[in-house]
**Q** 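The following block contains the structure, expressed as structure tokens.
Residue numbers run from 1 in the order of the sequence given. FYI, side chains are in, hydrogens and waters are out, and symmetry mates aren't considered; it's all heavy atoms of this structure. What you see is a predicted model, and the numbers here were worked out from it, not measured in a lab.
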Amino acid sequence: MKRLVILTSAIAILGLSGCASIVDGSHQVLSLVTPNVKGATCTATNNKGTYYINSTPGTLTVHRSYDPLHVDCSKAGYDDGTEIVKSSTKGMAFGNILAGGFIGAGVDMATGAASDYPQRPVVPMRLGGPTSP
């Protein structure tokens, strides 16, 4: 009987692990905005990869990470825009730990599933950069 209780508890704990990865996954869709500038091209980089937008405003799918997302945008006639977008830890990551899912919390932290970027990063740009020939 005691073994059955231990086995059932272990299965329940493993079932609770990886909660953030199951709910939201390790990727996130962001809506990137360059106020007052349409058609800028942007590159976003974090420790999980590099992502591109051909024309703002637009969306891009990034791999979640605890590390910040570095966004660089450019368009002829405008100064380049740069923004560092910080991530935050989602509340469900702490729920994993409280529910006994240390394995799941570790998996979520390692894959980035426990992190979240703001849904609508803004990259400011100003008129005055180099013009195209």
**Q** Determine, using the 4.5 Å side-chain heavy-atom cutoff (strictly less than), whether Tyr51 and Val85 are members of one ILVMFWY cluster.
**A** yes
**Q** Got Val62 and Tyr117 here, is their nearest side-chain heavy-atom distance under 4.5 Å?
**A** yes
**Q** Looking only at heavy atoms, which two atoms of Val29 and Gln119 are closest? And how far apart?
**A** O-NE2, 3.4 Å
**Q** Decide whether Leu32 and Met125 are clustered together by the hydrophobic rule: side chain heavy atoms of Ile, Leu, Val, Met, Phe, Trp, Tyr closer than 4.5 Å, transitively.
**A** no
**Q** So does Ser31 get a backbone contact from the side chain of Arg120, meaning a donor-acceptor N/O pair under 3.5 Å?
**A** no
**Q** Between Arg64 (side chain only) and His27 (backbone N and O only), is there a donor and an acceptor less than 3.5 Å apart?
**A** yes
**Q** In terms of hydrophobic clusters joined by side-chain contacts under 4.5 Å, are Val37 and Val123 together?
**A** no
**Q** Just to verify, what does Pro124 make a side-chain contact (heavy atoms from CB on, under 4.5 Å) with, not counting sequence neighbours?
**A** Glu83
**Q** Could you work out, with side chain to side chain donor-acceptor pair (under 3.5 Å) as the rule, every residue matching Thr82, not counting sequence neighbours?
**A** Asp72
**Q** Please report the interatomic distance CG(Leu127) to CG(Asp79), rounded to the nearest 0.5 Å.
**A** 8.0 Å
**Q** Are Ser26 and His63 side-chain neighbours, meaning at least one heavy-atom pair lies under 4.5 Å?
**A** yes
**Q** Please report the interatomic distance CD1(Ile53) to CG(Leu30), rounded to the nearest 0.5 Å.
**A** 8.5 Å
**Q** Looking only at non-hydrogen atoms, find the nearest pair between Pro118 and Pro121 and report the distance.
**A** O-CD, 3.6 Å
**Q** Could you list the residues that satisfy side-chain contact (heavy atoms from CB on, under 4.5 Å) with Thr41, not counting sequence neighbours?
**A** Ser74
**Q** When you compare the side chain of Thr43 with that of Val71, does any pair of heavy atoms fall below 4.5 Å?
**A** no
**Q** I'd like to know if the side chain of Ser87 reaches the main chain of Ser65, judged simply by a donor and an acceptor atom lying under 3.5 Å from each other, with no hydrogens or angles considered.
**A** yes
**Q** Report the distance from atom CG of Leu69 to atom OG1 of Thr45, rounding to the nearest 0.5 Å.
**A** 7.5 Å
**Q** Identify, with sequence neighbours excluded, every residue that meets side chain to side chain donor-acceptor pair (under 3.5 Å) alongside Asp67.
**A** Asn47
**Q** Side-chain atoms of residues 54-61: list all donor-acceptor pairs with protein atoms under 3.5 Å, sequence neighbours left out, distances to 0.1 Å.
**A**
unit_1 : atom_1 : unit_2 : atom_2 : d
Thr56  : OG1    : Thr34  : OG1    : 2.6
Thr56  : OG1    : Ala40  : N      : 3.2

**Q** By the disulfide (SG to SG under 2.5 Å) test, which pairs, at least two apart or in different chains, include something from residues 40-82?
**A** Cys42-Cys73
